[in-house]
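Structure record follows, encoded as structure tokens.
Because only heavy atoms are used, hydrogens play no part in the values below, and waters and symmetry mates are left out as well, while side chains stay in. Positions are given from 1 along the sequence.
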Amino acid sequence: MGRRTRWVLALLPAVAGLACWAAARTGLLPDERLLVSASALRGDWLLAVGIAVSVVACAALALRERRDAVWRRRLDEQAARSARERRLLLSRLDHELKNPLTAMRAAVANVAALSANGGAAGAQDEGPRTAGLRSIEEQVLRLSRLTADMRKIAEVEASPVDERPVDVPELLEEAVDVLREQPGSAGREVSLDLPRAPWPLPPVLGDWDLLALAFGNLLDNAAKYTPPGGRIEVRARESGGQVLVEVADTGPGIPPEDLPQIWDELYRSPQARSVPGSGLGLPLVRAVVERHGGTVTAESRVGRGTVVRVTLPAAGSADSRPEPPAETARSDARPGPGAQAAR
């Protein structure tokens, strides 16, 4: 039903009442008095009833149109925001793909030029040729990691999550041990603080592998951005039915203007582009944590360091069940050290 038709129907009772009132005034309607005790003419009563019905109908119609206007505005804002995010994502993806492709093109050109010489220089060409092939291999691996991380984020957001008890202390101890064994953590002090008394941390419900991936990303980023001689701390505690895990570092920190964007896919601040990374580390962490019904936030001070706070519902709490996949959760439709890796 069109907007004009709805308004015509809303005003129809008033028009009918006016017509009856006119008919009563001209004598076309018999029995001028509606009731003995009522002093109003029948036409007056019909006019009043028609106007009252029309007023109610017009008020209801106006409220409905206002509600529709609010929803249309929200939908337009959401569509505009989605379009901006899509353009921004494509721009970042273009940047991330352009650099390795440019390097590969240059390496291929160098190898082709050496091959065109027919090997006249002999062994002298082997060094540049090997370097060119190694550059191509490194860029191919970089692109492979980029696509693999993007695929992981999509799978985490759409796939069901296991609901098994996960021992958080054991998971964190394993992640810290893996970090200490990596060459990139050499010269950095790594500590783990877990509560032992009066009781240990409760388990959380979820997928061990996904949670290990999330905390592993945070610790890897901490090692990348913390200089030798710096410190990385992993702390955990229970509060209000929640398990809080903090990963803190003494890295360069994140500028305040960049902090809200570190959770966006492929975002990397200019200060972080000198460090290898894809800008997908923190978005992946966020996707994993939110699928487990938790939250993740970041706090940072430039020149001092960063702390990422991950909160997960403890097993047995009202919020401990992992979130359903995005397509089934809603019928009408996704902070520490690792923060710098998403910049």
Side-chain angles (χ1 to χ4, degrees), residues 81 84-85 87-96 99 142 145-146 149-150 152-153 156 172 175-176 179 182 184-193 211 213-237 244-290 292 294-312 334-343:
R81 183 169 58 253
R84 288 194 303 269
E85 292 176 353
R87 290 193 298 268
L88 185 59
L89 177 61
L90 291 177
S91 175
R92 293 171 180 168
L93 183 60
D94 173 72
H95 176 79
E96 292 296 328
N99 289 342
R142 178 181 174 183
R145 288 193 295 268
L146 177 66
D149 288 343
M150 295 181 69
K152 286 178 184 177
I153 294 176
V156 167
L172 295 177
V176 169
L179 176 65
Q182 295 180 358
S185 63
R188 297 155 180 83
E189 183 179 355
V190 182
S191 65
L192 175 61
D193 180 15
L211 291 174
L213 176 64
F215 288 112
N217 275 353
L218 292 179
L219 292 174
D220 288 343
N221 290 340
K224 284 195 299 183
Y225 288 93
T226 301
R231 182 176 179 83
I232 301 171
E233 296 183 355
V234 181
R235 305 181 289 263
R237 66 178 185 272
L244 172 64
V245 179
E246 295 181 339
V247 182
D249 66 52
T250 56
I254 308 171
E257 62 272 16
D258 294 331
L259 198 57
Q261 305 179 69
I262 61 176
W263 310 108
D264 297 342
E265 289 88 347
L266 301 175
Y267 176 76
R268 304 192 76 207
S269 71
Q271 294 85 351
R273 289 174 184 168
S274 59
V275 180
S278 63
L280 293 172
L282 280 185
L284 180 57
V285 171
R286 179 183 182 183
V288 171
V289 172
E290 291 186 349
H292 285 77
T295 59
V296 57
T297 58
E299 182 180 352
S300 186
R301 296 182 183 179
V302 176
R304 300 291 299 276
T306 306
V307 57
V308 174
R309 297 183 177 91
V310 175
T311 303
L312 295 168
R334 158 195 338 168
Q340 294 96 331
R343 294 183 290 162

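Val302 and Ile254 get closest at one heavy-atom pair: CG2-O, 3.6 Å. His292 and Leu312 make their closest contact through CB-CD2, 4.0 Å (heavy atoms, listed as atom of the first residue, atom of the second, distance). Pairing each heavy atom of Thr311 with each of Val289, the nearest pair is O-CG1, 4.2 Å. Of all non-hydrogen atoms in Gly305 and Ser300, the two that sit nearest each other are O-OG, 3.1 Å. When every heavy atom of Leu259 is checked against every heavy atom of Glu299, the shortest pair comes out as CD2-CA, 4.5 Å.
Counting heavy atoms from C-beta outward, Leu218 and Val285 have side chains that approach closer than 4.5 Å.
Here the CG atom belonging to Leu284 is positioned 5.5 Å from the CG atom belonging to Asn217, to the nearest 0.5 angstrom. For the atom pair Arg309 CZ and Arg235 CZ, the distance stands at 7.5 Å (nearest 0.5 Å).
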Checklist line | Check against side chain to side chain contact (heavy atoms under 4.5 Å, CB included), Asp220 and Gln182 | finding: CA-CA 9 Å; Asp220 288 343; Gln182 295 180 358; 3.3 Å; yes
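Here the side chain of Asp249 pairs a donor or acceptor atom with the backbone of Thr306 at under 3.5 angstrom. Of the possible polar contacts, none joining the Arg188 side chain to the Ile232 backbone as a donor-acceptor pair under 3.5 Å is found.
The salt bridge (Lys or Arg N to Asp or Glu O under 4.0 Å) search around Arg231 returns Glu189, Glu233, not counting sequence neighbours.
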